[in-house]
Amino acid sequence: MLIIYTRRTITLFFLSILFGTVCSAQTGVNTKNPLHPLHVDGKGDNPSTTPPNALQQSNDVVITSNGDVGIGLLIPGAKLDVNGRVRIGDLQKLTTKPKKVIVADDEGNLYYTDVETIAPPVEDRIYSIINKNARQRLATKSTYYPMILDGAVNGVNNEKLTISADKTRIQLPPNKTLKISGSIGIIGANETPTTTNAAYIVSQFDLENIHNDGSQLLVRTIGYTESSTERYDDGGVSMPIIIVRTGNIGANVFLRVKYDGSDAPANGYYIGGEPGETTIGSYILVEEI
């Protein structure tokens, strides 16, 4: 029988051998013992007959028959499984409000979720009441004074807040969004409540960006407390509120107060100290949001 070989027949014959070999073989780079269709041993430290240990795997890269990629391990649990740190350079800055963020579970699996769902658990947030102790005299009419924070601090994660040495500033921690509100009790012209001239207290929070680290004042309101001419402490009408976002170092907040009014006495007025069941007091509430 006569068999005629043409150039095309020979070419197809060798291609069939080549592709058959590639499809069935495992390719190793720097290793004589590839364990996947593609197995790269970065340091060339894998054993030639047994599987590498964890340290030896740490410099390996594999592609499995399922198309999964493992870096630093031999059995990837996802399409891309990295055993080690990941760095992405030259990321573009997002100029619009983000809708989704990438999060990781306890095992390092990545997921995306809505931005609105990301918040620290309640037990990790700051919820603190900063009390006054002694009643405070505002010496001069129409003049602002910082409220003295000389009372106890109660709540959750109080250690994240610091009161300044002069008891006038709340030193806020970095990278937090905080809502701070105040309640001002008004006593009168005398430290012990008596019938007195009517007056009102104006209060407002201020942010001190002492570190110039990008801390921002987002929202602020003015508080107003009106006195009574009766022989009892009076309540407040509106609360001062400030919402701030601190930068990478932190910022200070203080509450300034003044008394005023056409009938207000010129020789001073008192605001409340420690609150109780029979007397009105003053305090500041700090909430992490």
Side-chain angles (χ1 to χ4, degrees), residues 85 87-88 91 93-98 100-104 113-134 136 138 143-184 201-223 236 238-258 271-275 281-289:
R85 297 176 61 182
R87 180 180 180 274
I88 302 175
L91 288 175
K93 182 178 180 179
L94 183 65
T95 57
T96 58
K97 183 179 178 180
K100 306 287 184 181
V101 292
I102 296 176
V103 296
T113 186
D114 295 333
V115 171
E116 289 76 11
T117 65
I118 302 300
V122 172
E123 58 270 19
D124 291 342
R125 300 188 212 176
I126 300 170
Y127 292 100
S128 295
I129 296 286
I130 303 171
N131 294 286
K132 278 188 65 59
N133 182 23
Q136 181 179 343
L138 310 180
T143 301
Y144 276 107
Y145 297 89
M147 189 168 87
I148 303 301
L149 306 173
D150 57 347
V153 180
N154 304 311
V156 180
N157 294 309
N158 300 323
E159 71 280 359
K160 296 181 180 180
L161 302 175
T162 303
I163 307 301
S164 63
D166 63 359
K167 305 293 186 183
T168 63
R169 267 63 175 170
I170 307 171
Q171 299 171 348
L172 304 176
N175 303 314
K176 299 287 187 183
T177 301
L178 300 157
K179 176 185 176 183
I180 306 170
S181 53
S183 180
I184 311 299
I201 300 291
V202 179
S203 54
Q204 188 173 41
F205 284 104
D206 281 326
L207 173 70
E208 292 181 328
N209 185 12
I210 57 175
H211 302 292
N212 195 27
D213 63 350
S215 295
Q216 295 177 287
L217 188 161
L218 303 179
V219 174
R220 180 172 60 178
T221 66
I222 295 176
S238 61
M239 300 174 64
I241 298 172
I242 190 172
I243 299 177
V244 301
R245 180 184 294 124
T246 59
N248 294 328
I249 303 176
N252 290 350
V253 162
F254 69 96
L255 180 60
R256 53 191 177 98
V257 293
K258 71 175 182 178
I271 61 174
E274 184 179 7
S282 303
Y283 60 86
I284 291 175
L285 171 62
V286 181
E287 304 171 87
E288 183 176 348
I289 57 177

Only one of Leu255, Val202, Ile180 forms a side chain to side chain contact (heavy atoms under 4.5 Å, CB included) with Pro240, so which one is it? Leu255

Check the pair Asn133 / Glu274 against side-chain contact (heavy atoms from CB on, under 4.5 Å), numbers first and verdict last. CA-CA 5 Å; Asn133 182 23; Glu274 184 179 7; 3.9 Å; yes

Residues, nucleotides or ligands: over 12 heavy atoms within 6.0 Å of Lys160 NZ: yes

Keeping Asn248 on the side-chain end and Asp213 on the backbone end, is there a donor-acceptor pair under 3.5 Å? no

One pair to check against side-chain contact (heavy atoms from CB on, under 4.5 Å): Val244 and Phe205. What are the steps and the verdict? CA-CA 10 Å; Val244 301; Phe205 284 104; over 6 Å; no

Got more than 12 heavy atoms from elsewhere within 6.0 Å of CD1, Ile102? no

Within 6.0 angstrom of Arg256 CZ, more than 12 heavy atoms from elsewhere: yes

Is the number of heavy atoms from other residues, nucleotides or ligands within 6.0 Å of CD1 (Ile88) greater than 12? no

Would the distance check show the side chain of Asn154 and the main-chain N or O of Ile129 forming a donor-acceptor pair, the cut-off being under 3.5 Å? no

Please report the C-alpha distance between Ile184 and Met147 in whole Å, then the side-chain angles of each, then the deciding distance to 0.1 Å, and finally whether the side-chain contact (heavy atoms from CB on, under 4.5 Å) criterion is met. CA-CA 9 Å; Ile184 311 299; Met147 189 168 87; 3.6 Å; yes

Under 3.5 Å: donor-acceptor pair, side chain of Ser282, backbone of Gly272: yes

Using the side chain to side chain contact (heavy atoms under 4.5 Å, CB included) definition, which of the options Asn175, Thr246, Leu172, Ile210 pairs with Ser215? Thr246

